Protein chains: 2
Amino acid sequence: MTSKRARPTINQVAEAAGVTKSSVSRAFTRPEMLSEETVRKIFAAAEQLGYVPNHTARALSTGRHGNIALIVPDVANPFFPPLIRAAQAEADRSDYCVFLGNSDESPQQEDKLIGRFGGQVEGLVLVSSRMSDAQIVEHASRRPVVLVNRDVEGIPRVLIDSATGVAEAVEHLAELGHKKLVYVGGPHGSWSNKQRRNAVRRSARALGLDVSVISNEFAAFESGRKITASVLATGASAAIAFDDLTAQGMLAELADQGVSVPGQFSVVGCDDVLGAATYPSLTTVSNRSVEAGKTALTLLIDILENHAIRDVRYVLNTNLVVRNTTGPRAG
Amino acid sequence: MTSKRARPTINQVAEAAGVTKSSVSRAFTRPEMLSEETVRKIFAAAEQLGYVPNHTARALSTGRHGNIALIVPDVANPFFPPLIRAAQAEADRSDYCVFLGNSDESPQQEDKLIGRFGGQVEGLVLVSSRMSDAQIVEHASRRPVVLVNRDVEGIPRVLIDSATGVAEAVEHLAELGHKKLVYVGGPHGSWSNKQRRNAVRRSARALGLDVSVISNEFAAFESGRKITASVLATGASAAIAFDDLTAQGMLAELADQGVSVPGQFSVVGCDDVLGAATYPSLTTVSNRSVEAGKTALTLLIDILENHAIRDVRYVLNTNLVVRNTTGPRAG
DNA sequence: CTGTTAGCGCCTTCAG
DNA sequence: CTGAAGGCGCTAACAG
């Protein structure tokens, strides 16, 4: 078992290899500047001593630490883990370490986290940020920031365009004969929510459908259940929910109320995070969160390494995934 | 909009406040050593310049950087996000930043990640580590490590004891008249898998039930589907799956095969990550991942701040949650 | 190709 | 209570 003694420093390696620390430093950063012979000697000594360059010291001197931060509103929301995973994998390919932050849907907490990560991070990825445009711009003025699902001019961003999928959903319902539908909303600060709500309204108008909107701040299974009564009260025959969780809650409540789906009522989710796990399996709008996570990191790393601070707006389209919670209007 | 100019240093604050950098440093670390008057002056100057102590420089000089790493096999596995979230919240309370690592179920990747986080982390939390005991011990000799769902003597660990819940599951099935059951396994390197398998065998033997074990390296929906044929081939009337995902896949496949649940076959999951989302809703073993995450972090922080390197083995019991996928044996 | 010399920004004895 | 001085481990000109 290796002992716990302090890590060897660059100086010890230098001494052991019979060179100065400059050479050791170079051997680890720009070996092509040294003779093969010297590099070999240095690596041998380093290996022998178990030397690993001190990340912190290097960062202090270069100002680069190879860390990035990824902040999401809620790690436990099934929409985010696949995105986080994809982002991590991408960071990994370029040897970046990623700090994960959970803002708890709170702008204050988000701001605080950014401050805490502050000095030890080269760039930030803010996913579904709940902060104000002004705050975001402010932070982006200090270090590179890439946004996911948040559209702020001048800041590189990756947007999952659920509008296309939502539009398909409305058409789908129209074809099934539905005349009146309701959009069950999500968090106020959410860009995606706004986008989906607008898409529903626009398509409904174009197709001559009637649509009402019910807001529902906390998107989740339980709130989906609770909101169901109001949904039924509108007299609509179909609903499009902000996300799959909300839709799933509605499904459960509908079942408890004895309302058959899709016989008497149709439900469409959004983000396809549940797969075919609900019963009946949920008709929903596809999700591109994996690509979004990967793209966001690729963008950020590109900016960090090539100083390419261009104004990108990367849009990922979605589409409707028809399963079994939508059917012809009853009667 | 604040410009992007470099952050002010301790020296600039000192000059602005008319003191030396020693005093500024003290004002931020041990203000009780200074006169109130001086502290006030320094804070005013710092505020005015927008000074924030440089984390990296401080870390280099003190050796403490207030970061910890949390490594999990797969962020996207629904078992982990709640744990991650709880761990984060706990880290937050003590102002620690957390690096998240995704080992992809690979010991090599896990080892590599630890190396990458290496110098900039004060402690590690390894969740369901896939590394060998020796590797774990080796890493633990360098810096504090807390394990979750991995039982290595001498290393602080938090264990979710699914054995209690699994035992209840077996009893439950026995009471329902089942005579022959099968355990559908999970990843080979998984401590939890071993634990669950043993618990099934032990309880089955005690109750005089027959049990066969089917291994299934990749626990997930799809593999649950695929394994179903072999499960039915054993002639058992009930199955206990390594986790909910596997169970859910089995449920889907069983439905497709026209095998009714729980009429003709009973299924029990493990970890309760799906809630009531499956249909029929899944009978499963409760999960304590939130407490596990919180406890692991509390432990680690305690070790870091109080040098309390005791040998803790924290066990969280589980129990059976009966829902609707278990019923009397057919016939 | 390699050594010398300054720092990076902060903390921490040691004096006073 | 406060200042002066050295150092944490490494990188980066600048000379040879």
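Worth saying up front: this structure is predicted, and the values here are computed from it rather than measured. Letters A, B, ... are given to chains in the order of the sequence lines, protein chains preceding strands, and every chain is numbered from 1.
At a threshold of 4.0 angstrom between heavy atoms, the contacts of B:V24 with the nucleic acid are absent.
For the segment residues 34-47 of chain B, the set of residues with a heavy atom within less than 4.0 Å of an atom of DNA chain D comprises B:L34, B:S35, B:T38, in numerical order.
Here B:S61 does not reach the OP1 or OP2 of D:dC8: none of its side-chain N or O atoms lies under 4.0 Å away. Within the 4.0 Å cut-off from OP1 or OP2 of C:dG3, at least one side-chain nitrogen or oxygen of A:S23 is found.
Nearest nucleotide to the A:I10 side chain, out of C:dG9, D:dG6, D:dT11: D:dT11.
Remark: the A:S22 side chain and the D:dA12 base include a donor-acceptor N/O pair separated by less than 3.5 Å. For D:dA12, its base never sits under 3.5 Å from the side chain of A:T62 at any donor and acceptor pair. With hydrogens and angles left out, the side chain of B:R26 and the base of C:dT13 share a donor-acceptor pair within 3.5 Å.
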Item to check | Verdict with supporting geometry, A:F28 and A:I10, side-chain contact (heavy atoms from CB on, under 4.5 Å) | outcome: CA-CA 10 Å; A:F28 281 89; A:I10 201 173; over 6 Å; no

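Positionally, the nearest nucleotide of DNA chain C for B:Y51 lies more toward the 5' end than for the other of B:M33 and B:Y51.
A salt bridge between A:K294 and A:E291 is absent, with no side-chain N of the basic residue lying under 4.0 Å from a carboxylate O of the acidic one. With respect to A:R157 and A:D311, a salt bridge is recorded, a charged nitrogen being found less than 4.0 Å from a carboxylate O.
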